[in-house]
Amino acid sequence: MHHPDRDGEADGPRLVFLRVYEIARQIPYGRVATYGHIAQVMGPPVTAREVGDAMAALRDGQPDPPVPWQRVINAQGRVSTGQRQQTLLEQEGVTFSVKGVTDLGRFGWQGPDPDWAEAHGFHPLKNEGEEKQQLDLF
DNA sequence: CGTATGACCATGC
DNA sequence: GGCATGGCCATAC
């Protein structure tokens, strides 16, 4: 009854994916986070690419509670999965330029609440030196 | 085991 | 700003 390589996981999503989903659920309505940001919150050895893999796996079905996948976009400020995703975000109040680029300085998530991060074994985004001010949405 | 593919990203032109 | 390239790394075949 032991699976040496897949310790603790049956056929479900990989453990690291579930951790990614935990963080993604923290992204507030009307805000976006980049794959790289989430990877940074998780810390090494998790990479942005792996975060992308985790999000892609959602296509096979949403876990419970569901993950607000539309709020995870790429570092260019563009959605990675097509118009549908952008529309969902626009319905949350996130605006995009005609070229399909959003302003990460305005709508970008600043990372999880420090207390939440600590309680869940993550670490908040470390602001190197200067702190970016998060502008309030209206 | 080699090869191809992907919801990434930094860099350089 | 757009486009190409290389690095990265897990999965699928």
Side-chain angles (χ1 to χ4, degrees):
Chain A
M1 61 176 106
H2 260 264
H3 284 259
D5 41 341
R6 200 165 289 195
D7 186 38
E9 312 180 50
D11 281 27
R14 298 183 46 224
L15 204 52
V16 57
F17 284 10
L18 298 179
R19 294 284 279 168
V20 169
Y21 302 153
E22 276 187 79
I23 296 180
R25 290 190 188 98
Q26 300 302 305
I27 310 171
Y29 183 96
R31 285 291 202 12
V32 294
T34 69
Y35 301 93
H37 261 174
I38 292 180
Q40 201 174 328
V41 171
M42 298 201 51
V46 179
T47 66
R49 185 142 213 165
E50 196 166 3
V51 172
D53 290 340
M55 302 310 292
L58 292 175
R59 284 175 161 158
D60 297 332
Q62 281 276 344
D64 186 50
V67 176
W69 58 271
Q70 71 273 20
R71 298 181 194 146
V72 185
I73 67 176
N74 61 45
Q76 303 179 88
R78 303 167 49 95
V79 300
S80 294
T81 72
Q83 180 59 46
R84 167 80 196 294
Q85 183 180 9
Q86 181 173 325
T87 300
L88 286 174
L89 286 173
E90 287 170 339
Q91 289 172 355
E92 299 188 5
V94 179
T95 62
F96 290 81
S97 72
V98 188
K99 295 287 190 181
V101 181
T102 192
D103 184 354
L104 288 175
R106 183 174 167 195
F107 298 105
W109 183 45
Q110 295 306 99
D113 175 77
D115 290 327
W116 180 93
E118 172 122 20
H120 290 257
F122 298 111
H123 53 74
L125 288 186
K126 46 182 177 181
N127 313 327
E128 46 233 69
E130 55 185 324
E131 320 231 337
K132 291 182 180 177
Q133 294 295 343
Q134 174 66 52
L135 307 178
D136 273 333
L137 307 175
F138 307 93

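The sequence lines fix the lettering, A, B, ..., with proteins before strands; numbering per chain opens at 1. When reading the values below, keep in mind they use all heavy atoms of this one structure, side chains included, and skip hydrogens, waters and symmetry mates.
Per the geometry, CG belonging to A:Asp53 stands 11 Å off C1' belonging to C:dC8, to the nearest Å. Distance, A:Tyr35 OH to C:dC8 C1': 16 Å, rounded to whole Å. The CZ-C1' distance, from A:Phe17 to B:dA7, rounds to 11 Å in whole Å. Atom OH in A:Tyr21 sits about 12 Å away from atom P in B:dA7, given to the nearest Å. Between the CG atom of A:Leu104 and the C1' atom of B:dC9 there is a distance of 13 Å, rounded to whole Å. Distance, A:Glu50 CD to B:dG6 P: 18 Å, rounded to whole Å. Atom CZ of A:Arg78 is separated from atom C1' of B:dC8 by 14 Å (rounded to the nearest Å). For the pair A:Met42 CE and B:dC8 C1', the computed distance is 15 Å after rounding to whole Å.
Within the 4.0 angstrom heavy-atom criterion, base atoms lie near A:Ala56.
With hydrogens and angles left out, the side-chain atoms of A:Glu90 and A:Gln86 include a donor and acceptor closer than 3.5 Å.
Nearest nucleotide to the side chain of A:Thr47, out of B:dA7, C:dC9, B:dC9: C:dC9. Listed nucleotides: B:dG6, B:dA7, C:dA10. Nearest to the side chain of A:Ser80: B:dA7. When the nucleotides B:dA7, C:dC9, B:dC9 are ranked by their closest atom to the side chain of A:Arg49, C:dC9 comes out on top.
In this structure, A:Gln26 contributes its side chain and A:Gly111 its backbone to no donor-acceptor pair below 3.5 Å.
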Checklist entry - What's the verdict on side-chain contact (heavy atoms from CB on, under 4.5 Å) for A:Met55 and A:Tyr35, showing C-alpha distance, side-chain angles and the deciding distance? => result CA-CA 9 Å; A:Met55 302 310 292; A:Tyr35 301 93; 4.0 Å; yes
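For the side-chain contact (heavy atoms from CB on, under 4.5 Å) criterion with A:Val32, the lone passing option out of A:Ile27, A:Asp103, A:Val72, A:Leu104 is A:Leu104.
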